[in-house]
Asks: 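Following this message is one structure expressed as structure tokens.
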Protein chains: 2
Amino acid sequence: MKLSKKTDYALRVLFTLVEHYGRGPIPIRELARRNEVPKRFLEHIMLEMKARGWVDSTPGKRGGYTLAKSPDKIMMGEVVRHFDGVLAPIGCVSVTHYQPCSQSSVCRFRPFLLNIRNEIARQMDQASLAGVFSDSLRPSPETPQNPSADGCET
Amino acid sequence: MKLSKKTDYALRVLFTLVEHYGRGPIPIRELARRNEVPKRFLEHIMLEMKARGWVDSTPGKRGGYTLAKSPDKIMMGEVVRHFDGVLAPIGCVSVTHYQPCSQSSVCRFRPFLLNIRNEIARQMDQASLAGVFSDSLRPSPETPQNPSADGCET
DNA sequence: TAAATATACGATAGAATTGGTCGTATATTT
DNA sequence: AAATATACGACCAATTCTATCGTATATTTA
């Protein structure tokens, strides 16, 4: 259930760009340094994000990367799906990557997993970078900054 | 975000045992066959599950595995957590495996991910094998048997 | 008590994924 | 023209995942 490093890195950089939106490009060196991402690794990530139309690049002396579209037009779900592949916890509850299950025992927990997948997808697809960013500035009681504040585990 | 094969296999077998609860042991050979799980691989999985107190084994000619406790005393969350490790999508939103993030950009999406983690954990920890099993017998409109019935992707 | 059949369990190994590096080409600005 | 930026394929190391094998041991049944 864990996000890959790549997704993590991509999100870090995207939010840095969101914060800097409208104020010119940031060189990749700076993006890497500020977010503790290996620069050479980040290059590939940025290329993928450019291909997806999330960022634009400017070469040359004062070049770097900018957000290619408004932060409220990029959804968390898009990013996670692109780098992590499927959101669904198991093949047979995936629509895009659906594969049938011949096992009746599997179909005992398929509806349950489908529910979870739907809930994740719903939240992911409703949340834009802009929304998540502004929410993070005024934290609500529901989302405490300190993880030990709630009783859940893992 | 995907469940490991091991978790998948474990759940398949558990639900087979749930279905057979109270009617004696099932040999591992049969569990493997009915659920299309490699037998030698399943041995290890069963050992882990025995150590966790979910199943019991009976050696000998009419031996095999049984559920060690009532199906409503085993939670989906326990199983997934055991085999897949952390439920949290990223380290800094995990309680048991919490590791601090020095990156302010990370903390832009931490609250969002924490919400998702909480929702997953809530559903996982509320659902017992018994509950999931009986729900699967009378499918509701919310959980269609055919994944293409709803509009979500992945 | 012997044969059959069951679990127990450590060692090992192939495959896939993940995370990351390197060299080098190319475009743009100053 | 120099400096600095991105572009991009090739490659590699580590880990994780998935699975197999050999062998030991316990129990039942005939």
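Residue numbers begin at 1 in each chain, while the letters A, B, ... track the order of the sequences.
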Asks: Just by distance, do the side chain of B:R62 and the backbone of B:T58 share a donor-acceptor pair under 3.5 Å?
Replies: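 Flag not set: sc B:R62 to bb B:T58 has no pair under 3.5 Å.
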
Asks: For DNA chain C, what are the stems built from at least three Watson-Crick or G-U pairs in a row, each pair having both distances below 3.5 Å?
Replies: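 So far as stems of 3 or more pairs are concerned, DNA chain C shows C:1-30 with D:1-30.
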
Asks: Would you mind checking if A:E19 and B:R108 are paired as a salt bridge, meaning a charged N to carboxylate O distance below 4.0 Å?
Replies: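 Yes, B:R108 and A:E19 are salt-bridged.
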
Asks: List in chain and number order the residues that pass side chain to side chain contact (heavy atoms under 4.5 Å, CB included) with A:R33, two or more places apart in sequence or in another chain; answer none if no residue qualifies.
Replies: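 A:R33 satisfies side chain to side chain contact (heavy atoms under 4.5 Å, CB included) with A:E30 once adjacent residues are dropped.
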
Asks: Should the pair B:K5-B:D84 be classified as a salt bridge under the 4.0 Å nitrogen-to-oxygen rule?
Replies: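 Salt bridge flag = no for B:D84 with B:K5.
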
Asks: Strictly below 4.0 Å, heavy-atom distances to any atom of DNA chain C: list the hits from residues 16-40 of chain A, or just say none.
Replies: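 Per residue number, the list reads A:P38, A:R40.
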
Asks: Does the side-chain contact (heavy atoms from CB on, under 4.5 Å) test come out yes or no for B:D8 and B:L3, once each step is laid out?
Replies: CA-CA 7 Å; B:D8 184 3; B:L3 293 186; 5.6 Å; no

Asks: Could you check whether any side-chain heavy atom of B:M49 comes within less than 4.5 Å of a side-chain heavy atom of B:L14, counting everything from C-beta outward?
Replies: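 The answer is yes; the side chains approach within 4.5 Å.
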
Asks: Quick test of your reading of the model: are A:R40 and A:E43 salt-bridged, counting only N-O distances below 4.0 Å?
Replies: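 Yes, A:R40 and A:E43 are salt-bridged.
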
Asks: Which residue pairs pass the salt bridge (charged side-chain N to carboxylate O under 4.0 Å, His left out) test with at least one member in residues 45-54 of chain B, sequence neighbours excluded?
Replies: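 Matches after skipping sequence neighbours: B:K6-B:E48.
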
Asks: Give every pair of a protein N or O atom and an N or O atom of nucleotides 14-18 of chain C that lie under 3.5 Å apart, one pair per line with the distance.
Replies:
none

Asks: How does protein contact run along nucleotides 11-16 of chain D, one letter per nucleotide 5' to 3', with B for base contact, S for sugar-phosphate only, - for none, heavy atoms under 4.0 Å?
Replies: ------

Asks: Given side-chain contact (heavy atoms from CB on, under 4.5 Å), test B:Y65 with B:L31 step by step and report yes or no.
Replies: CA-CA 9 Å; B:Y65 281 96; B:L31 290 172; 4.1 Å; yes

Asks: Give me the atom names and distance for the closest heavy-atom approach of B:F109 to A:R12.
Replies: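 Residues B:F109 and A:R12, closest heavy atoms: CE2-N, 3.7 Å.
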
Asks: Side-chain contact, heavy-atom cut-off 4.5 Å: A:P38 with A:Y9?
Replies: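 Yes, at least one pair of side-chain atoms sits under 4.5 Å.
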
Asks: Could you list all N or O pairs between the protein and nucleotides 25-30 of chain D that sit under 3.5 Å apart?
Replies:
none

Asks: With sequence neighbours excluded, tell me which residues meet side chain to side chain contact (heavy atoms under 4.5 Å, CB included) with A:R29.
Replies: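 Checked A:R29 against side chain to side chain contact (heavy atoms under 4.5 Å, CB included); matches are A:P27, A:K39.
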
Asks: Any idea which heavy atoms bring A:G53 and A:A68 closest together, and the distance?
Replies: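 What the structure gives for the nearest pair is O-CB, 3.5 Å.
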
Asks: Which residues within residues 41-54 of chain A lie with some heavy atom under 4.0 Å of an atom in DNA chain D?
Replies: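 Correct list: A:E43, A:H44, A:L47, A:K50.
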
Asks: Relative to the 5' end of DNA chain D, which residue comes earlier, A:S57 or B:K6, by the nucleotide with the nearest heavy atom?
Replies: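 Counting from the 5' end, the first nearest nucleotide belongs to A:S57.
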
Asks: Of all residues at least two apart in sequence or in a different chain, which pass the side chain to side chain contact (heavy atoms under 4.5 Å, CB included) check with A:T66?
Replies: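 Per chain and number, A:T66 pairs via side chain to side chain contact (heavy atoms under 4.5 Å, CB included) with A:P25, A:D56.
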
Asks: If the plane angle is over 60° it's perpendicular, under 30° parallel, otherwise tilted; pick one for A:F133 and A:F15.
Replies: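 Rings of A:F133 and A:F15: parallel, as their planes differ by under 30°.
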
Asks: Who pairs with A:Q126 by side-chain hydrogen bond (donor to acceptor under 3.5 Å, both in side chains), at least two apart in sequence or on another chain?
Replies: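 So A:Q126 forms a side-chain hydrogen bond (donor to acceptor under 3.5 Å, both in side chains) with A:R122.
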
Asks: I'd like to check the side chain to side chain contact (heavy atoms under 4.5 Å, CB included) partners of A:S70; sequence neighbours left out, ordered by chain and number.
Replies: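 A:S70: side chain to side chain contact (heavy atoms under 4.5 Å, CB included) contacts with A:Y21, A:D72, A:K73.
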
Asks: Are OP1 or OP2 of D:dT18 and a side-chain N or O of B:Y9 less than 4.0 angstrom apart?
Replies: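 Indeed not, no polar side-chain atom of B:Y9 lies that close.
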
